[in-house]
There are 2 protein chains.
Amino acid sequence: MSLRERKKLAAWRAIQSAALRLFEERGFEAVSVEEIAAAADVSRSTFFNYFAGKEAVVFDQDPEERDQWRAIMAARPADEPLWDALTAILIGFNERLRDRTLTQRRLRARSPALAQSSLNQSSWALVGEQFLADLRAWAASRTPEGDAMATALQINLADTAQNTAYQTWPADESFDDYLQRLKTCLHQARPDIASPPTSATDS
Amino acid sequence: MSLRERKKLAAWRAIQSAALRLFEERGFEAVSVEEIAAAADVSRSTFFNYFAGKEAVVFDQDPEERDQWRAIMAARPADEPLWDALTAILIGFNERLRDRTLTQRRLRARSPALAQSSLNQSSWALVGEQFLADLRAWAASRTPEGDAMATALQINLADTAQNTAYQTWPADESFDDYLQRLKTCLHQARPDIASPPTSATDS
DNA sequence: GTGCAGACTTGCACGCCGTCCAAGTTCCCA
DNA sequence: TGGGAACTTGGACGGCGTGCAAGTCTGCAC
């Protein structure tokens with residue numbers, strides 16, 4: 001790993017940890033990008049070299065972890081049903097990212113107090129666009145042929161199950177309760193691929 | 001209907017139609033709120049009195065239509081399974097809002113040319129937060145008791161089915177093809193409420 | 001080592017969004 | 001007819017995200 005790469009990773013982590021610290025202290029909207037950059041000893045411009053926006057700093061994964069997750073996805077057997085793979089990946093993801101999840105939850109609980117709108121509006125999920133993009137790329141690479149829709153649907157459903165579990169997680173429940181919710185949602189959201197649309201031609 | 005209410009409705013429609021016209025001419029990002037306000041003969045401040053933001057002008061429904069939709073939702077029999085009601089509502093919604101849907105699709109197709117990011121990032125759906133809020137309120141009012149999660153899940157799943165149909169709708173397919181996609185997605189996304197989680201304790 | 005090419009950082013300026021507020025105008029109603 | 005409520009307006013502000021040109025640092029080849 002070259003010096004350049006090490007520096008880059010260090011900068012990424014400096015920015016992210018500074019940002020999360022400030023967010024926890026003051027809430028998401030009350031911290032500006034300038035302050036994050038200053039706290040990370042970096043210019044505002046550099047911040048945008050590393051993150052696509054202020055929200056990305058909450059959702060993007062550490063580059064090393066991200067590679068690991070891509071490997072985990074790639075390691076799934078090719079003949080495994082997509083939904084089973086998605087379920088396993090998401091549950092594993094949540095189990096291993098316990099701390100990250102709890103941090104996000106604390107942020108989410110604190111931020112509405114400062115400004116209801118801007119956070120709820122972007123309807124905070126857990127995984128972020130980056131992880132979803134990786135998931136989609138992985139799924140596309142193992143999708144046989146013309147049924148892109150079924151694949152897209154399953155990924156979106158899995159994401160929705162995850163979001164629902166997260167959104168309905170009450171403040172007084174533990175992380176393990178949340179995992180239980182997640183499993184329930186994933187189980188109930190399993191799509192019904194096989195059965196034909198009963199009398200699809202009416203109306 | 002008082003003069004005040006009529007004026008208000010007229011202003012709403014003036015702003016929305018001016019905005020949609022400009023969006024179609026130049027693309028979403030290339031039009032500023034100032035220009036919309038000017039085209040509607042209204043101040044920038046007034047624009048924000050009517051719409052929560054620039055995107056809302058694409059998604060929010062005409063107040064009169066909105067009332068109609070709330071009535072349609074309220075008219076569903078109370079003992080109908082939630083999923084059946086959601087399916088019927090969404091299909092009806094899409095069938096009746098053919099023009100709106102086609103307009104949105106044209107906007108969506110044109111905008112990436114100008115700036116890939118800002119539209120795709122907010123991952124354009126069709127229904128918008130307002131309609132979803134109405135749906136949630138309606139569903140909450142007919143949800144028996146403690147199982148708020150199952151209700152939230154079903155609404156989110158239905159929304160996801162709709163979004164998937166919309167996202168995967170290719171440029172060369174007709175609106176009726178889209179409706180067919182929608183029905184397929186809704187059918188496949190039907191949640192599996194009954195069955196118990198088969199051996200939920202292993203990881 | 002030296003020097004060069006490319007990668008990365010920095011400061012600065014810009015346009016725009018969304019919020020706030022204080023002052024003005026219009027409508028409803030008693 | 002008057003007073004109060006609803007609505008509009010302009011102006012100012014902070015903040016986000018982008019673009020660019022100039023500077024600095026790293027890897028590499030000689």
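So that the names make sense, note that chain A is the first sequence line, chain B the second, and so on, each numbered from 1.
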Fill in the blank from the handout: The nucleotide from C:dG6, C:dT10, C:dC27 with an atom nearest the side chain of B:Arg4 is C:dC27
Practice task
State whether B:Tyr50 places a side-chain N or O below 4.0 Å from either non-bridging phosphate oxygen (OP1 or OP2) of D:dT8.
Solution key: yes
Exercise for the section: Measure from the side-chain heavy atoms of B:Asn49 and tell me the nearest of D:dG17, D:dT8, D:dC25. Expected result: D:dT8
Exercise for the section: Please work out if B:Ser45 contacts a base, only the sugar-phosphate, or nothing of the nucleic acid, heavy-atom cut-off 4.0 Å. Expected result: base
Problem - Rounded distance (Å) that lies between atom C1' of D:dC7 and atom NZ of B:Lys7 - result: 10 Å
Exercise for the section: Measure from CD1 on A:Ile36 to P on D:dG15 and round the result to the nearest Å. Expected result: 12 Å
Exercise for the section: Report the C-alpha separation of B:Asn94 and B:Gln162 in whole Å, then their side-chain angles, then the decisive distance to 0.1 Å, and conclude whether the side-chain hydrogen bond (donor to acceptor under 3.5 Å, both in side chains) test is met. Expected result: CA-CA 9 Å; B:Asn94 277 273; B:Gln162 141 102 35; 2.9 Å; yes
Exercise for the section: For A:Phe48 and for A:Glu35, find the nucleotide of DNA chain D with the closest heavy atom, then tell me which residue's nucleotide is more 5'. Expected result: A:Glu35
Completion exercise
Between A:Val42 and A:Phe47, the two heavy atoms sitting closest are CG1-N, 4.1 Å
Handout entry: Selected nucleotide, minimal atom distance to B:Lys8 side chain, candidates C:dA7, D:dC7, C:dC28
Key = D:dC7
Fill in the blank from the handout: By nearest-nucleotide position on DNA chain C, the 5'-leaning member of B:Glu34 and B:Ser2 is B:Glu34
Handout entry: Minimum-distance pair of heavy atoms, taken over all atoms of B:Tyr178 and B:Thr101
Key = CE2-CG2, 4.3 Å
Problem - Stepwise salt bridge (Lys or Arg N to Asp or Glu O under 4.0 Å) test for A:Asp62 and A:Arg100 - result: CA-CA 11 Å; A:Asp62 186 288; A:Arg100 184 180 179 273; over 6 Å; no
Problem - Nearest-Å distance for atom pair CZ/C1', residues B:Arg6 and C:dC28 - result: 13 Å
Handout entry: Separation of D:dT18 C1' from A:Phe51 CZ (nearest whole Å)
Key = 18 Å
Exercise for the section: Starting at atom CD of A:Glu29, determine the distance to atom C1' of D:dG14, rounded to an integer number of angstrom. Expected result: 14 Å
Handout entry: Any donor-acceptor N/O pair under 3.5 Å between D:dT9 base and B:Arg44 side chain
Key = no
Practice task
Check the distance between D:dT18's C1' and A:Lys54's NZ and give it to me in whole angstrom.
Solution key: 17 Å
Handout entry: Atom-pair distance (CH2 on B:Trp12; C1' on D:dA6), nearest Å
Key = 20 Å
Practice task
Decide yes or no, distance alone: a donor-acceptor N/O pair under 3.5 angstrom between the base of D:dG10 and the side-chain of B:Ser43.
Solution key: no
Problem - Closest listed nucleotide, where the reference is the side chain of B:Val33 and the choices are C:dC17, C:dT10, D:dG17 - result: C:dC17
Problem - Residue of the set B:Thr164, B:Leu157, B:Leu90, B:Thr160 for which side chain to side chain contact (heavy atoms under 4.5 Å, CB included) holds with B:Leu186 - result: B:Leu90
Fill in the blank from the handout: Rounded to whole Å, CZ of B:Phe28 lies from P of C:dC17 at a distance of 9 Å
